[in-house]
Undergrad: 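Here's a structure for you.
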Amino acid sequence: MRWSRTVISTLREDPQEAEIASHKLMLRAGLLKKLSGGLYTFTPLGVRALHKVEEIIREEMDAAGAQEILMPALQPIELWEKSGRASRMGASMFRLKDRQGRAMVLGPTHEEVVTDYICKEISSYRQLPCTIYQIQTKFRDEIRPRFGLMRAKEFIMKDAYSFDVSFEAADASYKAMYDAYERIFKRCGLLARPVEADTGAIGGNHSHEFMVPAPSGEDGILECQKCGYAANQERAERKPAPSKFAEEFSGGPEEVPTPGAHTVAEAAESVGVPEEQIVKSLIYMADGNPVMAIVEGTRELNECKLRRILGCSELVMADDVQSAEAAGPVGSIGPLGVRIPVYADIGLRGAKDMVVGANREGFHIKHVNVDSLSEITAWEDIVTVEPDDLCPRCGSPMRVVRGIEVGHVFKLGTKYTDAFNAKFLDSEKNSRVMVMGCYGIGVTRTLQAVVEQNFDKDGIIWPVSVAPYSVVVLPLDAEKDPACAAAAERIVKDLESAGIDVIVDDRDERPGVKFKDADLIGFPVRVVVGTRSLGKGGVEVRMRRTGESVTVPPESAAQRVSEMLSRMREDF
RNA sequence: CGGAGCGUAGCGCAGUCUGGUAGCGCAUCUGCUUUGGGAGCAGAGUGUCGUGGGUUCGAAUCCCGCCGCUCCGACCA
């Protein structure tokens with residue numbers, strides 16, 4: 001490809017709209033153009049890189065036995081009402097009506113459509129297991145799109161779905177996808193690690209996210225360096241440390257005035273104890289019913305965990321009126337004497353001398369033995385795990401790192417196949433419900449994650465596998481020096497006939513401009529053909545990542561480039 | 001939805017406080033010179049100053065409404 005015939009425009013300066021490195025670089029290198037918030041055009045250069053990611057995904061999906069299909073992005077709302085997700089996905093779905101007035105949505109994901117398709121298609125155990133996938137544009141009305149492709153209103157996703165005869169068989173399908181994901185991200189030049197994750201609105205009982213470590217990542221990951229445990233902060237568990245207040249106070253509970261104390265800090269000060277000795281009591285409305293959650297005063301309740309334990313679809317903090325009806329005035333709430341379910345965090349286990357709200361404005365109760373409260377419905381792990389909390393497996397302190405979620409695999413069980421009555425006949429002629437799994441990769445996000453993990457001060461450093469072009473040839477003196485033009489011509493031809501994708505920068509620009517652009521866009525290999533290099537016996541072949549370069553005769557340049565490329569591929 | 005900031009040429013910005021009819025750098029076009037790390041000189045083009053209204057002899061500038069963008073938070077497969 002000739003540079004002069006493509007639409008490539010690079011920027012000298014960082015665009016004002018971009019915050020993180022990968023977003024700045026993708027705009028500066030001319031891979032993306034913004035149409036509006038969360039909506040981007042892929043330029044000819046950008047779409048080449050995108051297609052390379054897609055091809056890697058296709059190859060690995062096919063190798064794992066999945067079949068590619070393509071489903072409509074535009075979907076009738078009825079499917080979503082059938083699964084019960086019309087309200088659960090709620091505001092994040094783009095909704096519209098056709099001219100007949102039928103309610104439609106732009107698909108944010110495809111569990112409903114695929115289950116509808118498969119339940120009509122499959123009727124026998126002989127047709128199972130079956131895994132299908134598609135690469136398609138998804139639409140989500142994100143509250144706050146940000147960081148370019150990282151969180152966009154419209155993005156490309158690879159979504160796969162497995163259908164099996166049993167939970168055991170579904171585990172095997174899950175494992176096959178999990179393994180394929182590890183290969184996909186590795187081939188993209190990404191360091192991505194699986195972590196245990198919350199299943200959120202997709203549902204199901206077990207999932208792993210594939211996380212790319214990056215300071216700009218939107219998720220927190222708790223990890224144990226000793227045993228390898230890793231989990232999203234939304235889901236991470238911990239082994240609670242023994243309570244510091246394990247000694248029971250012989251005098252029994254005692255109500256104390258705490259005028260004006262509404263926060264944990266104020267209550268602690270008023271009573272004269274550390275904040276950890278306060279029990280934080282929170283009222284939530286779970287599908288409309290009040291529940292109380294109690295945690296140590298310094299901890300934060302984790303709504304994802306509580307929602308999962310309660311098994312409810314909607315969980316919101318109660319307002320002041322609801323709280324007062326369920327227990328007492330906000331700021332003085334406590335578990336003593338309440339008649340609603342109380343969920344206690346396991347961190348309070350063994351805590352026998354604590355301070356709780358008195359359910360009376362301006363009063364707290366001290367010396368409360370939380371460990372033996374009869375009001376407690378269940379002991380659960382319901383707080384957000386913090387750095388230095390102990391690993392639930394081995395008990396070592398954990399740390400938090402930031403990560404970008406590029407993939408997510410779910411064991412769905414029968415959530416959707418039940419809703420759609422997706423049954424098959426087994427060998428005993430029994431009608432049984434299929435067991436499902438679903439598996440997503442954010443393709444456009446993955447592309448940006450590759451950039452986020454591969455750049456230096458001069459620009460992007462593409463892994464060979466996803467570079468828009470593997471090689472850039474820079475003829476520096478082609479106008480004046482026929483030998484230079486001829487050498488460049490020959491190298492490009494040789495590379496093309498070797499099946500290597502190459503772009504030649506034939507613009508009438510000074511050398512400095514060509515060097516800067518080549519570095520910024522980040523082609524893995526650069527071949528410089530100039531009068532000076534020819535004088536030294538050839539052309540300069542240089543690797544973007546290491547800066548390592550050699551001068552070789554033009555006739556062996558293609559061979560040398562080819563060797564370098566395979567070496568770089570192996571390095572990943 | 002709450003908080004903050006921004007909207008002036010393709011991109012990055014100044015001008016706004018203190019009202020007088022729009023400027024700088026890069027990019028673009030022409031010519032000459034230059035040619036291994038974002039060249040120099042000379043010339044040229046480029047704007048509903050986000051938008052609607054108001055105040056005023058006069059508004060990019062002051063006032064009010066709206067829209068858009070970015071960040072933080074809430075929220076979110």
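Letters A, B, ... mirror the listed sequences (proteins, then strands); counts begin at 1.
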Undergrad: B/U51 and B/G7: how far apart are their C1' atoms, nearest whole angstrom?
TA: 11 Å
Undergrad: Establish, from distance only, whether the side-chain atoms of A/Ser83 and A/Glu111 form a donor-acceptor pair under 3.5 Å.
TA: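 A/Glu111 and A/Ser83 do not have a side-chain donor-acceptor pair below 3.5 Å.
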Undergrad: Using OP1 and OP2 only, check whether a side-chain N or O of A/Ser36 sits under 4.0 Å from B/C69.
TA: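 Yes, within the criterion.
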Undergrad: Between B/A42 and B/C26, how far apart are the P atoms? Round to whole Å, please.
TA: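 Looking at atom P only, B/C26 and B/A42 are 12 Å apart.
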Undergrad: Identify which nucleotide among B/C76, B/U35, B/C72 has an atom closest to any side-chain atom of A/Arg307, counting heavy atoms from C-beta outward.
TA: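 Looking only at side-chain atoms, A/Arg307 lies closest to B/C76.
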Undergrad: Is there a Watson-Crick or G-U wobble partner for B/A39 with both distances under 3.5 Å, and if so, which one is it?
TA: B/U33
Undergrad: Go nucleotide by nucleotide along RNA chain B from the 5' end; which of A/Arg526 and A/Arg151 gets its closest nucleotide reached first?
TA: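 That would be A/Arg526.
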Undergrad: Just verifying a value: how many Å separate A/Ile8 CD1 and A/Leu45 CG, rounded to the nearest 0.5 Å?
TA: 4.5 Å
Undergrad: Let me confirm one number: the CG-CD distance from A/Leu106 to A/Gln75, rounded to the nearest 0.5 Å.
TA: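 Spacing of CG (A/Leu106) from CD (A/Gln75) equals 8.5 Å.
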Undergrad: Just jot down the ring pair (Phe, Tyr, Trp, His ring centres under 6.0 Å) partners of A/Tyr174, sequence neighbours excluded, or say none.
TA: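 Ring pair (Phe, Tyr, Trp, His ring centres under 6.0 Å) check on A/Tyr174 returns A/His206.
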Undergrad: Looking across every strand, which nucleic acid part, if any, lies under 4.0 Å from A/Lys138 by heavy atom: base, sugar-phosphate, or nothing?
TA: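 Result for A/Lys138 = nothing.
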Undergrad: Return yes if the base of B/G38 and the side-chain atoms of A/Asp517 contain a donor-acceptor N/O pair under 3.5 Å, otherwise no.
TA: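 For A/Asp517, whose side chain was compared with the base of B/G38, there is a donor-acceptor pair (under 3.5 Å).
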Undergrad: Roughly how far apart, to the nearest Å, are B/C63 and B/U18 at atom P?
TA: 10 Å
Undergrad: For nucleotides B/A60 and B/U16, find the distance between their P atoms and express it as a whole number of Å.
TA: 14 Å
Undergrad: Are any of the side-chain heavy atoms of A/Arg526 and A/Asp519 separated by less than 4.5 Å?
TA: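 When only atoms from C-beta onward are counted, A/Asp519 and A/Arg526 do touch, with a gap below 4.5 Å.
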Undergrad: Determine, stepwise, if the pair A/Asn302 / A/Glu234 fulfils side-chain hydrogen bond (donor to acceptor under 3.5 Å, both in side chains).
TA: CA-CA 7 Å; A/Asn302 183 320; A/Glu234 292 177 342; over 6 Å; no
Undergrad: Which one, B/G73, B/G36, B/G38, comes nearest to the side chain of A/Arg146?
TA: B/G73
Undergrad: Is there side-chain contact between A/Lys411 and A/Phe167, with at least one heavy-atom pair below 4.5 Å?
TA: no
Undergrad: Could you check which nucleotide pairs with B/A44 in any of the strands shown, counting Watson-Crick or G-U wobble with both distances under 3.5 Å?
TA: B/U28
Undergrad: For A/Tyr178 and A/Tyr439, what are the C-alpha separation, side-chain angles and deciding distance, and is it a ring-ring contact (aromatic ring centres under 6.0 Å, His included)?
TA: CA-CA 9 Å; A/Tyr178 183 105; A/Tyr439 317 94; over 10 Å; no
Undergrad: Which part of the nucleic acid does A/Tyr439 contact within heavy-atom distance under 4.0 Å: base, sugar-phosphate only, or nothing?
TA: nothing
Undergrad: Please work out whether the ring planes of A/Trp3 and A/Phe523 are parallel, tilted or perpendicular, with thresholds of 30° and 60°.
TA: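 Rings of A/Trp3 and A/Phe523: perpendicular, as their planes differ by over 60°.
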Undergrad: Between B/A59 and B/U8, how far apart are the C1' atoms? Round to whole Å, please.
TA: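 It works out to 14 Å between them.
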Undergrad: Let's see if you can work this out: which of B/A74, B/U35, B/C72 has an atom nearest to the side-chain heavy atoms of A/Ile143?
TA: B/A74
Undergrad: Is the distance from OP1 or OP2 of B/A27 to the nearest side-chain N or O of A/Arg12 less than 4.0 Å?
TA: yes
Undergrad: When you compare B/U70 with B/C62, how far apart are their P atoms, in angstrom units rounded to a whole number?
TA: 25 Å
Undergrad: For a quick test of reading the model: is some side-chain N or O of A/Arg144 closer than 4.0 Å to OP1 or OP2 of B/C71?
TA: yes
Undergrad: Taking protein heavy atoms under 4.0 Å as touching, what does nucleotides 40-51 of chain B look like 5' to 3' if B marks base contact, S marks sugar-phosphate-only contact and - marks none?
TA: ------------
Undergrad: Produce a footprint string for nucleotides 3-13 of chain B: one letter per nucleotide, 5' end first; B if the base is under 4.0 Å from any protein heavy atom, S if only the sugar-phosphate is, - if neither.
TA: ---------SS
Undergrad: Measuring only the C1' atom in each nucleotide, how far is B/A14 from B/U61? A whole number of Å is fine.
TA: 14 Å
Undergrad: Considering only the P atoms, how many Å lie between B/A44 and B/G50, rounded to the nearest integer?
TA: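 About 27 Å, rounded to a whole number of Å.
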Undergrad: Map A/Glu509 and A/Gly442 onto RNA chain B by nearest heavy atom, then report which one ends up closer to the 5' terminus.
TA: A/Glu509
